Visitor: 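Let me begin by handing over the structure; questions about it come next.
Counting starts at 1 for both ligands and their atoms, in listed order. As the structure is a prediction and not an experimental result, all values here were calculated from the model. Counting begins at 1 with the first residue of the sequence.
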Amino acid sequence: MTNNEVHPIVWTGECITLLDQTLLPSEETYVDIQTVDALVDAISRLVVRGAPALGAVGAYGVALAMVQGEREDWSADELHENILRIRNARPTAVNLAWGVDRVLPLVESGLAAVVADADAVSAEDAAANRAMGRIGADWIEANVERRPLRLLTHCNTGTLATTYWGTALGVIRELHERGLVELVYADETRPLLQGARLTAWELDRAGIAHVVQSDGAAASTILRGLVDVALIGADRIAANGDSANKIGSVSVALACKDAGVPFLVVAPVSTVDLATENGDDIHIELRSGEEVTTLAGIRVAPANTQGFNPAFDVTPARLISAIITEKTAIEVAQGESPKSKL
Ligand code: MRU
């Protein structure tokens with residue numbers, strides 16, 4: 001990692017230090033998370049967010065609960081209940097539960113064993129992201145003709161959303177390193193603006209040419225022929241390839257299908273949930289309507305108007321050209337699925 005890289009999740013030995021993503025890009029503030037209450041609150045408020053990052057935080061969260069449990073003399077049941085609270089803090093990204101479940105069997109071996117495995121979760125995610133970057137960039141080089149490339153992405157899938165480098169943004173970084181990127185269209189990602197605040201911040205730091213557009217502009221930008229490939233991440237991928245990601249993703253996929261533009265989902269194997277048959281069974285987080293009826297804390301809708309705020313949508317497999325994992329590209333458009341390939 002270079003000095004320019006941020007470290008959004010750090011285990012200090014006693015607590016988890018998180019880069020507060022709600023304050024970016026105007027403030028780069030780190031918060032020490034000392035208790036399970038504080039961690040559940042941080043996950044719910046999106047101080048830390050993004051599926052693979054939630055996987056790492058879930059794993060370190062078990063260590064945090066053990067430290068607090070030792071300090072406050074919790075019973076085994078109390079420890080277990082608190083670990084479950086972390087596991088259930090957000091429902092859609094399978095990685096959160098996956099990260100908790102991965103280290104859970106090590107609790108009886110002690111804190112050092114749990115921390116060592118959480119460190120491994122983090123390191124494996126970083127390596128997976130570099131592999132996805134290469135596999136995704138190779139896929140694009142082989143399947144997309146125009147040079148240099150004009151890319152579109154939705155939400156934030158970079159270092160901030162993972163442990164290092166990123167998934168869809170990792171492919172974009174790799175393409176940039178290969179000298180192939182002309183411009184990235186970053187969708188602003190209403191209502192919490194992960195695209196405008198976080199993706200633009202990462203692209204800027206990486207020196208990658210980009211513009212931010214409103215979510216409503218994306219379909220038009222694609223249909224006008226301004227985009228060569230669209231890339232997004234995922235929070236949960238069902239066995240048949242249906243993929244849940246930030247609300248607005250399916251609109252991008254529909255426009256790409258109509259325009260004949262490749263649409264890629266880039267995610268580690270830890271985001272694939274083979275136990276979920278298809279997208280109908282994915283639990284979509286419904287967040288407070290106030291996130292939609294307000295803008296930067298100021299009410300923009302009439303006082304009596306309620307907001308409707310599903311945080312994710314499901315892109316059906318039929319709209320996805322390929323799912324890029326660290327193992328392989330799954331050619332969904334050719335009839336492959338995670339179930340048949342992983
Ligand atoms: O609500 P968020 O910000 O956690 O949503 C994040 C996304 O939808 C990301 O695209 C997804 O988690 C993949 S991150 C590599």
Visitor: Does ligand 1 come near enough to Gly50 that some N or O of the ligand is less than 3.5 Å from an N or O of the residue?
Guide: yes

Visitor: Quickly, which of Thr221, Thr153, Leu151 forms a side-chain contact (heavy atoms from CB on, under 4.5 Å) with Tyr185? Name it, please.
Guide: Thr221

Visitor: Among Ile43, Leu46, Thr159, Thr167, whose heavy atom sits nearest atom 15 (C) of ligand 1?
Guide: Thr167

Visitor: Is there at least one pair of N or O atoms, one from Thr157 and one from ligand 1, spaced under 3.5 Å apart?
Guide: no

Visitor: Counting only heavy atoms, which portion of His154 has something under 4.0 Å from ligand 1: side chain, backbone, both, or neither?
Guide: neither

Visitor: What atoms of ligand 1 come within less than 4.0 Å of a heavy atom belonging to Ala51?
Guide: 12 (O), 14 (S)

Visitor: I need the atoms of ligand 1 closer than 4.0 Å to a non-hydrogen atom of Phe312, numbered in the order shown.
Guide: 1 (O), 5 (O), 8 (O)

Visitor: Please check whether Gln194 reaches ligand 1 - meaning an N/O of the residue sits under 3.5 Å from an N/O of the ligand, judged on distance alone.
Guide: yes

Visitor: Of all the heavy atoms in Ala311, does at least one lie under 4.0 Å from an atom in ligand 1?
Guide: no

Visitor: Name the closest protein heavy atom to atom 9 (C) of ligand 1, giving the residue it belongs to and the distance to 0.1 Å.
Guide: Asn245 OD1, 3.4 Å

Visitor: Assess Pro52 for proximity to ligand 1: is some non-hydrogen atom of it under 4.0 Å away?
Guide: yes

Visitor: I need the atoms of ligand 1 closer than 4.0 Å to a non-hydrogen atom of Lys246, numbered in the order shown.
Guide: 1 (O), 2 (P), 5 (O), 8 (O)

Visitor: Given that the side chain starts at C-beta and the backbone is N, CA, C, O, which of these parts of Ala267 lies under 4.0 Å from ligand 1, counting heavy atoms, or is it both or neither?
Guide: neither

Visitor: So which of Met132, Glu285, Arg287, Arg49 gets nearest to atom 6 (C) of ligand 1, if we judge by its closest heavy atom?
Guide: Arg49

Visitor: To check your reading of the model: name the closest protein heavy atom to atom 4 (O) of ligand 1, its residue, and the distance in Å.
Guide: Arg90 NH1, 2.8 Å

